[in-house]
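Beneath this line is the structure, given in structure tokens, with notes to follow.
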Protein chains: 2
Amino acid sequence: MTEIQRPGALYQQVAAAIREAILSGEFAPESLLPSEAQLMARYGVSRPTVRNAIAALRAEGLIEVRHGKGSFVRSDGQPTLTLERRINRAPNGQFVMPNSDVWDEAEEPSVYRTRTTKATGRLLNLGEEEELFGCDRLLADATTGTRAMHRTLVPFEVAETVPALAEEPGQRPTAVYEELTNAGHTLWWSETVRARMPLPDERATLQLPDATPILHLTRVTHGTADRALVLEELRIGADRAEAAYRITAAKQPAKRRQA
Amino acid sequence: MTEIQRPGALYQQVAAAIREAILSGEFAPESLLPSEAQLMARYGVSRPTVRNAIAALRAEGLIEVRHGKGSFVRSDGQPTLTLERRINRAPNGQFVMPNSDVWDEAEEPSVYRTRTTKATGRLLNLGEEEELFGCDRLLADATTGTRAMHRTLVPFEVAETVPALAEEPGQRPTAVYEELTNAGHTLWWSETVRARMPLPDERATLQLPDATPILHLTRVTHGTADRALVLEELRIGADRAEAAYRITAAKQPAKRRQA
DNA sequence: AGTCGTAACTCGTAAGGACAAGTGACGTCA
DNA sequence: TGACGTCACTTGTCCTTACGAGTTACGACT
């Protein structure tokens, strides 16, 4: 039995001791930690205290617990999938996104009509309750098992000026970009990256382990005169994926375009 | 006492009931939830069960608990601080970053020497154990109380060719870019965005609430011949900040540059 | 030899009790 | 009136006990 007594609550001392043991390499990644009973004996505390300590380490994403088997050290591996958020244009005029080929569609895309919320309306420079075409996709990368949720929103206003989008909503993003280009637009994109804990349904859909945030990418396609045309959202587990961008210095200082 | 009995464990049913009440608006954001004793009576369960349910909602980031006061509904507000990850060049040649003016330095920057790890070595196209200058800054936005951790790493190899960086390590990023430009480099940058749960020390330093991931931005400055020159890291609570980028279509398809 | 049941391990859930610690309001006392 | 102590509330910590449920291995039975 190892005596412990530094800061704060008992369970925090136990958690700190285990954390230290993991980070110092005493317990290798993927290896099995002592069972709850063994930890009770090792530190001379009750089971709730051990479980409380384990819960804290779980919330930190340091360990993973499997019912009936035990607690395992989670490998702190970097994300394996890098989403290159670039858009290229092939000589034949087609748009190409670097990663688009790794994705399968795990389900049939669902196409629907909806209205702007306060948040989506602001991004599209529209009011609230404006009509939109929506298309949701569940993407899956078969090789790594990674999943992602993708959504495309096209305002009626825009679809009216680009008939191909109204006639066949739910096209893939590169196809949407091509239709907009055919309609005379010169495109650029703004994208914001947020992170947050998943809602229960997102956790289930994306099959996320404990203590795993999601990356939430929001892309707005801008056309001629910087008009906001299309809104896309991509949600993906942050344990698997990272987003990558390229930046070049703009010649003039701080010219204001809308977000 | 409200009877409940749907799916799974008791505490999950209680958690689901409370979650539903919050999302339906029965409990407004920032409002006080019933106390543990009241929830015990309301659902007819024991205190550990109530606390377990509350712990689940806490981990989702839905509520916040204050010792001695009670549980409060967390407002799901969007991040208030948008980090515009652009780099502009003023007519006088100075580099300007859109958000740099909101930050104060909460502490004196700490300058030190270190060596590449496997991860940082790969990003800088160096091996392991190569020598670096390091500079850590703790940034604070006084108006919103947001904090961020910033780190700059400059390889000795690079500092040797740009004496201004070796003589005065720990300059601010825009000054570093200017020195590199003065040394004859034409710069571009690659940046990756990851999200993860904070380590305990990050949680303390950034003063993060429960269930708050951090955004981890990694920027590599590239110079002439695409050589990797400088590595920067920015860590910031994802509840407060989002990162924003601009994308323009590249003319040629998928020409491979290193990450 | 193969199948299947059981036993012994793991963690998950739920109850009970007890006391510590933070918070705020009320009332007493100087 | 003002200061301060107490009390009633809150959540935090820790213990004991009990049983349910998933996993694995061993051994007996077919």
Side-chain angles (χ1 to χ4, degrees), chain A residues 1-18 22 27 30-74 200 203 209-211, chain B residues 1-18 27 30-74 200 203-204 209-211:
Chain A
M1 162 172 160
T2 306
E3 271 307 332
I4 44 181
Q5 48 171 329
R6 285 291 173 277
L10 238 192
Y11 80 92
Q12 286 174 338
Q13 299 173 31
V14 174
I18 301 174
I22 292 173
F27 300 116
E30 305 297 332
S31 70
L32 183 61
L33 286 176
S35 72
E36 292 180 359
Q38 289 168 331
L39 292 172
M40 288 167 67
R42 161 118 89 136
Y43 298 112
V45 297
S46 71
R47 192 164 168 228
T49 302
V50 167
R51 285 185 62 78
N52 213 340
I54 286 178
L57 298 174
R58 255 224 272 211
E60 292 174 25
L62 208 65
I63 66 173
E64 177 185 345
V65 179
R66 292 176 216 154
H67 190 173
K69 305 187 74 169
S71 303
F72 298 82
V73 180
R74 245 164 90 170
R203 220 174 102 70
D210 276 345
Chain B
M1 162 175 158
T2 305
E3 273 306 332
I4 43 182
Q5 49 171 328
R6 287 293 173 278
L10 237 191
Y11 80 92
Q12 287 174 338
Q13 299 172 32
V14 174
I18 300 174
F27 300 116
E30 306 297 333
S31 71
L32 183 61
L33 286 176
S35 71
E36 293 179 359
Q38 289 168 331
L39 291 172
M40 287 166 66
R42 160 117 88 137
Y43 298 113
V45 297
S46 69
R47 189 162 171 230
T49 302
V50 166
R51 285 185 62 79
N52 213 343
I54 287 178
L57 298 174
R58 254 223 277 210
E60 291 173 26
L62 207 64
I63 67 174
E64 176 186 345
V65 180
R66 292 176 218 154
H67 190 174
K69 304 187 75 169
S71 303
F72 297 81
V73 180
R74 247 164 86 169
R203 218 174 103 70
D210 276 346

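A note on names: the letters A, B, ... follow the listed sequences, proteins ahead of strands, and every chain is numbered from 1.
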Between A/Ala15 and A/Leu57, the two heavy atoms sitting closest are O-CD2, 3.7 Å
TODO: Examine distances only and state if a side-chain atom of B/Arg58 and a backbone atom of B/Ala53 form a donor-acceptor pair shorter than 3.5 Å.
DONE: no
Residue pair B/Gly68/A/His67 against DNA chain C: nearer the 5' end by closest nucleotide is A/His67
Between B/Val50 and the options B/Gln38, B/Arg42, B/Glu36, the side chain to side chain contact (heavy atoms under 4.5 Å, CB included) test singles out B/Glu36
Inset, instruction - Please lay out, stage by stage, how A/Leu62 and A/Ile18 fare under the test side-chain contact (heavy atoms from CB on, under 4.5 Å). - result: CA-CA 10 Å; A/Leu62 208 65; A/Ile18 301 174; over 6 Å; no
Of D/dT11, C/dT10, C/dG12, the nucleotide closest to the side chain of B/Val65 is D/dT11
A/Glu36 CD to D/dG20 C1', in whole Å, measures 14 Å
Which atoms of nucleotides 14-17 of chain C (N or O only) lie under 3.5 Å from a protein N or O atom, and what are those distances?
| unit_1 | atom_1 | unit_2 | atom_2 | d |
| --- | --- | --- | --- | --- |
| C/dA14 | OP1 | B/Leu10 | N | 2.4 |
| C/dA14 | OP2 | B/Leu10 | N | 3.4 |
| C/dA14 | OP2 | B/Tyr11 | N | 3.0 |
| C/dA15 | OP2 | B/Ser46 | N | 3.1 |
| C/dA15 | OP2 | B/Ser46 | OG | 2.7 |
| C/dA15 | OP2 | B/Thr49 | OG1 | 2.3 |
| C/dA15 | O5' | B/Ser46 | OG | 3.3 |

* To do: With the side chain counted from C-beta on, respond yes when B/Ile63 and B/Leu33 share a heavy-atom pair under 4.5 Å apart, and no when they do not.
  => yes
Separation of D/dC14 atom C1' from A/Tyr43 atom OH, nearest Å, is 18 Å
Mind checking whether B/Arg203 and B/Asp210 have side chains closer than 4.5 Å, heavy atoms only? yes
query: Is the distance from OP1 or OP2 of C/dG12 to the nearest side-chain N or O of A/Arg51 less than 4.0 Å?
result: yes
Separation of C/dC9 atom P from A/Leu32 atom CG, nearest Å, is 15 Å
B/Ile54 atom CD1 is separated from D/dT11 atom P, nearest whole Å, by 7 Å
Rounded to whole Å, CD of A/Glu64 lies from P of C/dG12 at a distance of 11 Å
Those residues at least two apart in sequence (or on a different chain) that pass side-chain hydrogen bond (donor to acceptor under 3.5 Å, both in side chains) with A/Thr49 are A/Ser46
With side-chain contact (heavy atoms from CB on, under 4.5 Å) as the criterion, how do B/Val45 and B/Leu10 come out once you've worked through the C-alpha distance, each side chain's angles and the decisive distance to 0.1 Å? CA-CA 8 Å; B/Val45 297; B/Leu10 237 191; 3.9 Å; yes
Whole-Å distance, B/Arg66 CZ to C/dT23 P, equals 11 Å
When rounded to whole Å, the CD to P distance for the pair A/Gln38 and C/dA8 reads 17 Å
With a 4.5 Å cut-off on side-chain heavy atoms, are B/Phe27 and B/Pro34 touching?
yes
Short N/O separations, protein against nucleotides 24-27 of chain C, under 3.5 angstrom:
| unit_1 | atom_1 | unit_2 | atom_2 | d |
| --- | --- | --- | --- | --- |
| C/dG24 | OP1 | B/Lys69 | NZ | 3.1 |

